[in-house]
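Encoded as structure tokens, the structure appears first; notes follow it.
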There are 2 protein chains.
Amino acid sequence: MATAVAVTISDAEWRVMRIVWTLKQTDSRTIINLLAQQHDWKPATIKTLIGRLVKKGALATTKQGRQFIYTPLIPEQNAMDTALTNELDQMCAMHRGTAIAHVLEQTEMSKADVQQLIDVLAKKLPTAPDTVHCDCLPGDCEGSCES
Amino acid sequence: MATAVAVTISDAEWRVMRIVWTLKQTDSRTIINLLAQQHDWKPATIKTLIGRLVKKGALATTKQGRQFIYTPLIPEQNAMDTALTNELDQMCAMHRGTAIAHVLEQTEMSKADVQQLIDVLAKKLPTAPDTVHCDCLPGDCEGSCES
DNA sequence: AGTTACAGTTTACAATTGTAATCGGTCGGT
DNA sequence: ACCGACCGATTACAATTGTAAACTGTAACT
């Protein structure tokens, strides 16, 4: 593990990454064209985002003639996992399950995905603890941890 | 629906909210004491966070003598759902399922929660579409959308 | 060879966030 | 009646982020 420090990608930057992840590799012209359609961002704005992503180490550049070809340096699934995990980790451990349940209800997923999730959960069931305690208060959470 | 605009709570603010959510109502002294244990935040820092949360409409204040009693104005579960949904929504629709799977594998949950999730998913299975397409590129994603 | 056009870099600037000191008012104690 | 402790408000300041203009270099076209 070398580049483990986990680059953080901001919301706007995330849009750029999705383009590059999907196309695997592109030039800035393409990114700018595609993004200018979805949002009404000026080319300059998108250039800034690309530049920041390169500086952050999220995108690699390969010089090709006068321009660059951009490639993702961090895998999409990896970024997704990290982002979701970070979000979840800052929440009360006791309530995470319910939050995920609500999100699942509202997320459209393919049959295969739903089945995959069921499998993962089925595998978890036997080893799952009976209770997971609230970790919102410091120390041993003296008494006040109910609900 | 009146206050629907959905306050955004920053990471540091989230810590404060968790205290208030767990205690249901408290004064700043308590919040400061508890948080100063978990992080090494100066009391002034925590006061700032509380102030911002009040201004944002995330905390209500009730004057009690010289001080205030703080109460959550937005429900915890609600904030959790919104935060997770926002995060997910900015990701490629096609890959959300897998991302959730990875997160599930790493999240500790009670047996009851795991079972609840299984139930939710079982109910989703019949109506789940066969495929969910990538929505990373604009327009009709002309051809270039493969895995 | 000169100019255009575009790629990438630099600079800009306001809003949000993390982190905190200081100020001003008041309640409680001496 | 005065002082101190403490609460909440005001001010501060750097980093990150959203948004974008301006600058610079060079490849391509005339």
*For the pair made of CG in A:Leu35 and P in D:dT19, what is the distance, rounded to whole Å?*
12 Å

*asked:* Using a strict threshold of under 4.0 Å (side-chain N to carboxylate O), is an ion pair present between A:Asp113 and B:Arg96?
replied: no

_Could you tell me if the side chain of A:Arg15 sits less than 4.5 Å from the side chain of A:Trp41, heavy atoms only?_
yes

*Base, sugar-phosphate alone, or nothing: which one does B:Lys56 contact when heavy atoms must sit under 4.0 Å apart?*
sugar-phosphate

*Pair of N/O donor and acceptor under 3.5 Å linking D:dT10 base with B:Arg52 side chain*: no

*asked:* At 4.0 Å (heavy atoms only), tell me whether A:Lys63 reaches a base, stays on the sugar-phosphate, or touches nothing.
replied: nothing

*Below 4.0 angstrom from OP1 or OP2 of D:dA20, is there any side-chain N or O of A:Thr45?*
yes

Are any protein N/O atoms closer than 3.5 Å to N/O atoms in nucleotides 6-9 of chain D? If there are, list each pair with its distance.
from  : atom 1 : to      : atom 2 : distance (Å)
D:dC7 : OP1    : B:Arg29 : NE     : 3.2
D:dC7 : OP1    : B:Arg29 : NH2    : 3.1
D:dG8 : OP1    : B:Phe68 : N      : 2.5
D:dG8 : OP2    : B:Ser28 : OG     : 2.4
D:dG8 : N7     : B:Lys47 : NZ     : 3.1
D:dG8 : O6     : B:Lys47 : NZ     : 3.4

*Send over the distance from B:Asp11 CG to D:dT17 C1', rounded to a whole Å.*
14 Å

_Tell me the interatomic distance from A:Gln64, atom CD, to D:dA27, atom P, rounded to whole angstroms._
13 Å

*Checking all strands, does A:Ser10 fall into the base, sugar-phosphate, or nothing category for heavy-atom contacts under 4.0 angstrom?*
sugar-phosphate

*Are A:Asn86 and A:Gln90 close enough that a side-chain donor and a side-chain acceptor fall under 3.5 Å?*
no

*Hey, mind stepping through A:Gln77 and B:His102 against side-chain contact (heavy atoms from CB on, under 4.5 Å) and telling me if it holds?*
CA-CA 9 Å; A:Gln77 208 57 251; B:His102 291 166; 3.6 Å; yes

*Over how many whole Å does the gap from B:Gln38 atom CD to C:dT19 atom P extend?*
14 Å

*Rounded to the nearest Å, what distance is computed from the CD atom of residue A:Glu13 to the P atom of nucleotide D:dT16?*
11 Å

*Base, sugar-phosphate alone, or nothing: which one does B:Thr48 contact when heavy atoms must sit under 4.0 Å apart?*
base

*Atom pair distance, as rounded to whole Å: CZ in B:Arg15 and C1' in C:dT17*: 16 Å

*Taking atom types as modelled, find out whether B:Asp27 and B:Thr30 have a side-chain donor-acceptor pair closer than 3.5 angstrom.*
yes

*asked:* Whether A:Trp41 contacts D:dG18 is assessed here as follows: a side-chain N or O lying under 4.0 Å from the phosphate OP1 or OP2. Is that the case?
replied: no

_Whole angstrom value for the distance that separates C1' of C:dT16 from CG of B:Leu49_ = 13 Å

*Please give, in whole Å, the distance from C:dA7 P to A:Ile46 CD1?*
12 Å

_A:Lys56/A:Glu13 salt bridge by N-O under 4.0 Å criterion_ = yes

*Could you tell me whether the side chains of A:Gln115 and A:Asp119 share a donor-acceptor contact shorter than 3.5 Å?*
yes

